[in-house]
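Indexing begins at 1, ligand by ligand and atom by atom, following the structure's order.
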Amino acid sequence: MPHRILIIDDEERMRWVLCKALEQESYEAEAAGDGIEGLKMLDKHSIDLVLLDMRLPIMDGMEVLKRIKELYPSLPVIIITAYGSIEMAVAAVKAGATDYITKPFDIDELVIQIKKALDVHRLVDEVEFLRSELSQRYQDMLLSSKSPCMQEVYELVRRIADSDATVLLTGESGTGKEVIARTIHYSSRRADKPFVAINCAAVPDNLLESELFGYEKGAFTGAVARKAGRFEVADGGTVFLDEIGEMSMNMQAKLLRVLQERSFEHLGGNDVISVDVRIIAATNKDLQYAMKSGYFREDLYYRLSVIPINLPPLRERKEDIPDLALYFVNKFDKRKAIKGISKQAMDILRLYSWPGNIRELENAIERAVIICDTNAIQPAHLPISMQTPKKESSVLDIDIPDEGISMEALEMQLIKKALDKTGGNQTKAAKLLGITRSALIYRMQHGIT
Ligand SMILES: Nc1ncnc2c1ncn2[C@@H]1O[C@H](COP(=O)(O)OP(=O)(O)OP(=O)(O)O)[C@@H](O)[C@H]1O
Ligand SMILES: [Mg+2]
């Protein structure tokens, strides 16, 4: 569908010339001789862009512009001004005009401006659409819980969302750290600004620096043009630093400065760039341990953990398994053919230890939904390894062969394994096996004789 452009100009000749030129460029053109007529046409037709002359009878251009911006805030308006009235053009841009062009102008130049304005408008629309879709997706998450520790987490998230305080999310892989980070962003006043995530483990150190802070042209080989860093892109919004525990000491020092001053420089640049960003960091590492071992800066740790939030593993919030499982069934069962999960299958889900947490549960249900050929998920639809639940403490999985097995030989193997693991330390080996050191020595001697 061709874009429709409205020309508001009191000079009939100008209207005619512009209409012809635009039609030649395959635009549809409408024209009005004054502001009142122009506003009426905006109301009647769907217009994609306005060309607005500043010198108009009845209502002057500035007034018309303000009215348009009130009624259609995102509609692009290009101002046409007489030569020598730059000040007025600047005032118009401040009042929301997209761009301006001074008379006399070249039609080709105007057409380029129109194309540019329509492109930008389309991108802005697209970003807005994607953002609202994403935000909707995060509102659709299952953010309620029957488990007291998760209820506490959600309550805390609600309370701190609107503050600018830095958040440190910790928890095993798959416990929902990124989900919580996005929930915080989309329920804060920053929601309509970017949420910019960067995985510190996935990007090599030197690249991480240029990704985060941006660079000037020529800052290093390959820096062919100036590039904004993620902190700038996120201005007004949130930066999510995922897997912060993997960040090198060198980068940690640089990040600390940003946290302290909310400003930085591009690589190869001198200008200090200030940004307004909220920082949320996440890790599945034990940062306290990393700090004690000298791999994580203590000062950075305290800067990051203004609000620490620990997400419990799924095995510690088993009461949430049924709701989550049903939520995922609904999510993946596009045909709406599955009514639920059979009691036996639910028992298996509840008994399992979920080392991969919510992500593992999500994957298991996605698979079950695909292979489910009845109206409820049955044990047979779950992975085999889940169907025969092992005791959580059982580490050995031995099949007894038909010819039988020697307990004594097994015991010796176990003792040997424990000693190997502890580098021959009998006290530690005995502890691993749950017996006293003297019992271990007794068994070793009797096994050997
Ligand atoms: N409350 C929730 N409701 C629905 N789905 C969730 C919820 N929490 C997490 N998930 C799902 O579980 C999966 C893992 O979540 P997420 O990526 O946030 O975990 P993570 O802690 O960042 O994991 P990792 O440490 O591996 O990066 C995702 O697919 C996510 O959609
Ligand atoms: Mg993650």
Side-chain angles (χ1 to χ4, degrees), residues 133-158 160-161 166-188 195-203 208 211 230 238-247 279-287 289-290 296 304-305 307-334 341 349-350 352-370 377 383 386:
E133 208 184 36
L134 252 183
S135 136
Q136 193 52 47
R137 244 182 67 198
Y138 279 89
Q139 272 152 28
D140 286 347
M141 285 283 169
L142 188 70
L143 297 176
S144 65
S145 174
K146 291 197 167 71
S147 113
C149 53
M150 256 336 261
Q151 281 168 6
E152 244 172 69
V153 168
Y154 290 137
E155 173 54 29
L156 185 60
V157 164
R158 270 189 288 276
I160 55 107
T166 304
V167 178
L168 178 63
L169 294 163
T170 51
E172 286 177 16
S173 178
T175 46
K177 296 185 290 296
E178 182 155 354
V179 168
I180 294 291
R182 287 186 191 267
T183 305
I184 293 174
H185 172 77
Y186 287 116
S187 43
S188 77
F195 174 90
V196 175
I198 186 154
N199 186 328
C200 304
V203 189
L208 186 59
E211 272 298 315
R230 303 274 178 115
T238 306
V239 173
F240 177 50
L241 299 168
D242 203 0
E243 308 214 27
I244 189 95
E246 305 297 327
M247 197 179 254
I279 291 169
I280 302 180
T283 181
N284 53 23
K285 282 232 167 119
D286 181 350
L287 284 190
Y289 176 78
F296 204 83
L304 287 173
S305 61
I307 299 172
I309 301 181
N310 181 251
L311 298 182
L314 192 54
R315 65 184 169 278
E316 283 172 23
R317 43 180 290 215
K318 288 201 160 181
E319 52 272 60
D320 284 339
I321 290 174
D323 286 350
L324 278 167
L326 288 169
Y327 165 85
F328 290 131
V329 169
N330 256 317
K331 174 173 165 187
F332 293 116
D333 178 27
K334 299 273 183 274
I341 299 173
L349 295 178
R350 249 191 298 238
Y352 185 64
S353 65
W354 302 108
N357 296 297
I358 303 183
R359 180 175 296 114
E360 189 182 5
L361 175 62
E362 183 172 12
N363 293 344
I365 300 291
E366 181 173 15
R367 176 179 174 277
V369 165
I370 293 170
I377 292 189
M386 239 173 247

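Looking only at heavy atoms of the protein, atom 22 (O) of ligand 1 is closest to E178 N, 3.2 Å. Of the protein's non-hydrogen atoms, the one nearest atom 15 (O) of ligand 1 is G176 CA, 3.6 Å. The nearest protein atom to atom 26 (O) of ligand 1, hydrogens excluded, is given as S173 OG, 2.6 Å; this is a heavy-atom distance. Scanning the protein heavy atoms around atom 25 (O) of ligand 1, the nearest turns out to be K177 NZ, 2.8 Å. Residue, atom and distance of the protein heavy atom nearest to atom 14 (C) of ligand 1 are R359 NH2, 3.7 Å. Protein heavy atom in closest approach to atom 1 (N) of ligand 1: L142 O, 3.0 Å. The nearest protein atom to atom 23 (O) of ligand 1, hydrogens excluded, is given as G174 N, 2.9 Å; this is a heavy-atom distance. Given atom 4 (C) of ligand 1, the protein heavy atom at minimum distance is M141 SD, 3.2 Å.
Counting non-hydrogen atoms of other residues, nucleotides and ligands closer than 6.0 Å to OH of Y154 gives a total above 12.
Checking only distances, I358 never comes within under 3.5 Å of ligand 1, N or O to N or O. Distances between N or O atoms of E362 and those of ligand 1 include at least one value under 3.5 Å. For D242, no nitrogen or oxygen atom sits less than 3.5 Å from a nitrogen or oxygen atom of ligand 1, counting backbone and side chain alike. For the pair F328 and ligand 1, the shortest N or O to N or O distance does not fall below 3.5 Å. Inclusion of V179 in the set of residues having an N or O under 3.5 Å from an N or O of ligand 1 is warranted.
Residues passing the side-chain hydrogen bond (donor to acceptor under 3.5 Å, both in side chains) test with S145 are D320, sequence neighbours excluded. Not counting sequence neighbours, the partners of T170 by the side-chain hydrogen bond (donor to acceptor under 3.5 Å, both in side chains) test are N310.
Minimum interatomic distance between R367 and P383 (heavy atoms only, all atoms of both residues): NH1-N, 3.4 Å. Across every non-hydrogen atom of E172 and P355, the tightest pair is OE1-O, 4.1 Å.
Not one N or O on the side chain of N357 forms a donor-acceptor pair closer than 3.5 Å with the backbone of R359. Although no hydrogens or angles enter the test, the distance criterion places a donor-acceptor pair under 3.5 Å between the side chain of K177 and the main chain of G171.
Between K285 and E246, at least one side-chain nitrogen of the basic residue sits less than 4.0 Å from a carboxylate oxygen of the acidic one, meeting the salt-bridge criterion.
Residue Y154 approaches ligand 1 through these ligand atoms, each under 4.0 Å from one of its heavy atoms: 1 (N).
Within the 4.0 Å heavy-atom shell around ligand 1 one does not find F240. Judged by the shortest distance from any of its heavy atoms, G171 lies outside the 4.0 Å radius around the atoms of ligand 1.
When heavy-atom distances to ligand 1 are checked against a 4.0 Å cut-off, E243 has no atom that comes that close, whether in backbone or side chain.
The residue from T283, I309, I244 that alone fulfils the side chain to side chain contact (heavy atoms under 4.5 Å, CB included) condition with L169 is I309.
Proximity of L349 to I365: side-chain heavy atoms (C-beta onward) are separated by under 4.5 Å at one or more points. Taking 4.5 Å as the limit, every side-chain heavy atom of V157 sits out of range of all side-chain heavy atoms of V167.
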